4 protein chains.
Amino acid sequence: MKKRQVQASVKDERLVKKRRDQMIKGAVTLFIQKGFHRTTTREIAKAAGFSIGTLYEYIRTKEDVLYLVCDSIYDQVRERLYEGLDTKKGTIESLKQGISDYFKVVDEMQDEVLVMYQEVKSLSKDALPYVLKKELEMVAMFEHVVTLCVENGELDLAMEEVKMIAHNIFVQGQMWAFRRWTLQKMYSLEQYIQLQTELLFQGIQGSASAVEFQPDSRSQK
Amino acid sequence: MKKRQVQASVKDERLVKKRRDQMIKGAVTLFIQKGFHRTTTREIAKAAGFSIGTLYEYIRTKEDVLYLVCDSIYDQVRERLYEGLDTKKGTIESLKQGISDYFKVVDEMQDEVLVMYQEVKSLSKDALPYVLKKELEMVAMFEHVVTLCVENGELDLAMEEVKMIAHNIFVQGQMWAFRRWTLQKMYSLEQYIQLQTELLFQGIQGSASAVEFQPDSRSQK
Amino acid sequence: MKKRQVQASVKDERLVKKRRDQMIKGAVTLFIQKGFHRTTTREIAKAAGFSIGTLYEYIRTKEDVLYLVCDSIYDQVRERLYEGLDTKKGTIESLKQGISDYFKVVDEMQDEVLVMYQEVKSLSKDALPYVLKKELEMVAMFEHVVTLCVENGELDLAMEEVKMIAHNIFVQGQMWAFRRWTLQKMYSLEQYIQLQTELLFQGIQGSASAVEFQPDSRSQK
Amino acid sequence: MKKRQVQASVKDERLVKKRRDQMIKGAVTLFIQKGFHRTTTREIAKAAGFSIGTLYEYIRTKEDVLYLVCDSIYDQVRERLYEGLDTKKGTIESLKQGISDYFKVVDEMQDEVLVMYQEVKSLSKDALPYVLKKELEMVAMFEHVVTLCVENGELDLAMEEVKMIAHNIFVQGQMWAFRRWTLQKMYSLEQYIQLQTELLFQGIQGSASAVEFQPDSRSQK
DNA sequence: TATGAATGAGACTTCATTCAT
DNA sequence: TATGAATGAAGTCTCATTCAT
């Protein structure tokens, strides 16, 4: 499945890239504030720094903007996720590191993750599969890392368990963003990482006192 | 915090309740199909079985409908959750049963959970807290059950861990709905419950072969 | 082929008829002045005496207005044509009378005929057939009258000739409207009727001095 | 009345002529397909083989294109009409020949005639007279030929009749194009010419059996 | 209490035209 | 002379909300 093409009237590829980057940047800000539906194309154009006419030289419909935004955010997250997970050698330690890196990425890109998360559903039936595919690719990265641990004998898991775990990790990352209204009141990022990692590895029954919880390490925002 | 009041022009309380129930029923169906923003008030009125004029006798704005819908869904989920968790006596077995019950409720109310989940963000700053409060109450139910286990000595967990666990359970339930496009392709509900429970209790490191996975038990839909 | 239905949101048939009549009346005036394409829906609404929102309660698209206008004009012309031709008894005299009546109708409805004439081409492929069918019905009326003359032995014509004659009469009527910029400078309506009738019956070769031409009878406008 | 000037930024007369010819050629095709209003200047430029910027080096407004197109079509029709009528010597035979030639020209240039016919009204008050003048010149050609016949004693007609006849011939030619949706279903060009000529000369009353009608001679398209 | 016609702000999108390169 | 990116006025249409009946 190739990248879904968004048609532009302008030919110059470099310019298209540049203008779309402006557009995406402006749109993300607006979508964060008011959501996709409550943001007008005029506002997007303005935030991007050009006229409404120019906006439509680079997209066909408003929904194209949403697609471009989602696509861009996914790419960024994935890229950063990839950096972190790429070099892992299939040890538990490296898995923990990978999770920690991912949670930090989500933390840094909270707003973007939130937007992507809340607005994908507004994508047309046409565009949705392209975006969901990217999501699955990210899940697959975790799957891969966990699988390596299994192959190395560090973990003993069935394939179904591996998949489930990968999904859980992925969602727990997103959760930090979409439940921030409560989670981030209770935990610092470090605590969140520590707790989730511990629970993931030890489970409930073995978790007690496995790690010393540090209530004071909460980072201020 | 009391229930947020939605103003109605009509005085007869019984009638208000009746009309709003019609309204919510119709609206949920529509929101499932097209989302809140793409559903018109006319459509809601029609689906509810009365005229647009009548609709506005029972609400003030379109957003009121969304609030009513979210509120109603939360109430239903919470009610059913309560039934399941209420009688639990603080044993691990009862906790497992509670989780299982909850996941089943989510499965049965998938559409509703999805709507609620995707559209809460469209609520005004005014209405949001009321809905989020309900969510926290549900999380608190799990918290309570886990706490009982701790008090009974069945589990050994810090308060922060308890809270985290409650959130995880809650989100993993929702996850079954909002990631159904992939999860429900891979697992039957029973498998999902089994796997998540196992991972929750044993964690990764101890999970292996804890339970025999049954690939063929997948229920057909 | 039934009348093409233009969808209205409003249910009350009587009201629909009334509003559409207002709409048509306003639109004709505007189309006469500036043509269909240069007339905006807002202008139509205003000319009709209601808001743009109300306009769209009675039509679906701007093109519907054009269809309604064309349809209405055709109906009027046809109705009046029918009155004149209906009672004719298949004599040459009655045919002449019918032609004269038709030309007078066209003269009185010049603006409308012109609009219809110039704008039909803007109708969608969907609506066009309905309008062209009406035109053919009008041609058929002349055909019928001429055929009666043939059957009565007053004229001796082949079927192909009858059809051709009917088309010629019809177009010569329209011509009085769409070439008014030159014809109406040269002839009064009476002269036009007299001349065309004479040429139709006598032809060129026998036409000379058949009728005394009356240069002074030109009507003033 | 001189030819209306369309301003160009480019000085080189030869180039202006060349570019405008390209432009007209492309525009006619487009106007045939979608009409003047639904054709964009971009499309015209593209069809002409150059950029939108270049287009505007050779015209001032979109309407200029329409003027150029109409002007060009009229010139072509007139030129070909002139060829046919020029050498006629004022006999009935030559008049018939002239009519036949003219109808054949219209047949060959159907699309163009149709465009010109349907779009002249979109010309501004400013440009219209220039085009109508050309039309009158063509009518005058027929007038001239008929007048010659009168002067030669071949026909006996008053001046008003001559003018009327000229207009009729002219319109009956156009009619072949603008009523082709029905006429060309019923008659071949040859039949059309034959019938119209016969009716023109003999009229209704004398037309019978004047010419043997040949139903089978219809040419296939 | 119920209805549904009326309203008009405002949304998305197009396209003729300009102008710097 | 040729290009095509940029512009923004203006067009069509939608829909939440009101109010007279």
Side-chain angles (χ1 to χ4, degrees), chain A residues 8-12 15-16 18-19 37-45 49-65, chain B residues 8-12 15-16 19 37-46 49-65, chain C residues 8-12 15-16 18-19 37-45 49-65, chain D residues 8-12 15-16 19 37-46 49-65:
Chain A
S9 303
V10 172
K11 294 291 156 55
D12 182 343
L15 192 55
V16 171
K18 182 182 159 195
R19 291 280 179 264
H37 280 105
R38 291 200 225 275
T39 301
T40 71
T41 49
R42 269 188 164 70
E43 287 170 326
I44 295 170
F50 37 68
S51 72
I52 183 69
T54 301
L55 180 76
Y56 276 89
E57 292 285 307
Y58 296 92
I59 51 157
R60 277 256 212 284
T61 68
K62 186 187 175 190
E63 210 225 83
D64 281 346
V65 180
Chain B
S9 305
V10 173
K11 304 294 168 213
D12 181 344
L15 192 54
V16 171
R19 291 278 180 263
H37 280 105
R38 291 199 226 277
T39 300
T40 68
T41 50
R42 275 173 155 83
E43 288 171 324
I44 295 168
K46 191 172 181 187
F50 38 70
S51 74
I52 181 68
T54 303
L55 183 76
Y56 275 87
E57 293 291 317
Y58 296 92
I59 52 156
R60 275 264 203 282
T61 69
K62 186 186 174 190
E63 210 224 82
D64 281 347
V65 181
Chain C
S9 304
V10 172
K11 293 292 155 58
D12 183 343
L15 191 54
V16 171
K18 181 182 159 196
R19 291 280 178 265
H37 281 106
R38 291 200 225 276
T39 301
T40 71
T41 49
R42 268 187 168 73
E43 287 170 326
I44 295 169
F50 36 68
S51 73
I52 183 69
T54 301
L55 181 75
Y56 276 90
E57 290 284 307
Y58 296 92
I59 52 159
R60 277 258 211 284
T61 68
K62 186 187 174 189
E63 211 226 83
D64 281 347
V65 181
Chain D
S9 305
V10 173
K11 303 295 169 208
D12 182 343
L15 192 54
V16 171
R19 291 277 180 263
H37 281 105
R38 292 199 226 276
T39 301
T40 69
T41 50
R42 274 173 155 84
E43 288 171 322
I44 295 169
K46 191 173 184 187
F50 39 70
S51 72
I52 182 69
T54 302
L55 183 77
Y56 274 86
E57 294 290 317
Y58 296 93
I59 51 156
R60 278 262 204 282
T61 70
K62 186 186 174 189
E63 209 225 84
D64 282 347
V65 181

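Predicted model only: the values in this text are computed from it and were never measured.
We find that B:R38 and A:E63 are not joined by a salt bridge, their nearest charged nitrogen and carboxylate oxygen being 4.0 Å or further apart.
No contact: B:R38 has no heavy atom under 4.0 Å from any strand. D:T41 comes within 4.0 angstrom of a base, heavy atoms only. In this structure, A:R19 reaches the sugar-phosphate backbone alone: every heavy-atom distance under 4.0 Å involves primed, P, OP1 or OP2 atoms, never a base. B:S51 comes within 4.0 angstrom of a base, heavy atoms only.
Nearest-nucleotide positions on DNA chain F place D:G49 closer to the 5' end than the other of D:G49 and A:F50. If A:R42 and C:R42 are placed on DNA chain E by their nearest nucleotide, the residue sitting closer to the 5' end is C:R42. Both C:H37 and B:T40 sit near DNA chain F, but only C:H37 has its closest nucleotide nearer the 5' end.
When every heavy atom of B:K62 is checked against every heavy atom of B:Y56, the shortest pair comes out as N-OH, 4.3 Å. The two residues D:V10 and D:V16 have their closest heavy-atom pair at O-CG2, 3.6 Å. Looking at every heavy atom in both residues, A:L55 comes nearest to A:T41 through CD2-O, 3.6 Å. A pairwise comparison of heavy atoms in C:I52 and C:R42 identifies CD1-N, 3.9 Å as the closest pair. Counting all heavy atoms, side chain and backbone alike, A:R60 lies closest to A:D64 at N-OD2, 2.8 Å.
What separates NZ of A:K11 from P of E:dT21 is a distance of 22 Å, to the nearest Å. Taking atom NZ of residue A:K18 and atom C1' of nucleotide F:dA5, one finds them 11 Å apart after rounding to whole Å. Going from atom CG of A:D12 over to atom P of E:dT21 covers 15 Å, rounded to whole Å.
For the pair B:Y58 and B:L15, the minimum side-chain heavy-atom distance is below 4.5 Å.
Nucleotide F:dA20 is matched to E:dT3 when pairs are restricted to Watson-Crick or G-U wobble geometry with both distances under 3.5 angstrom. Across the strands present, F:dT12 finds its partner in E:dA11; the criterion is a Watson-Crick or G-U wobble pair with both atom distances under 3.5 angstrom.
Residues from residues 52-63 of chain B lying near DNA chain E, meaning a heavy-atom separation below 4.0 Å, are B:I52, B:G53, B:T54, B:Y58 in numerical order.
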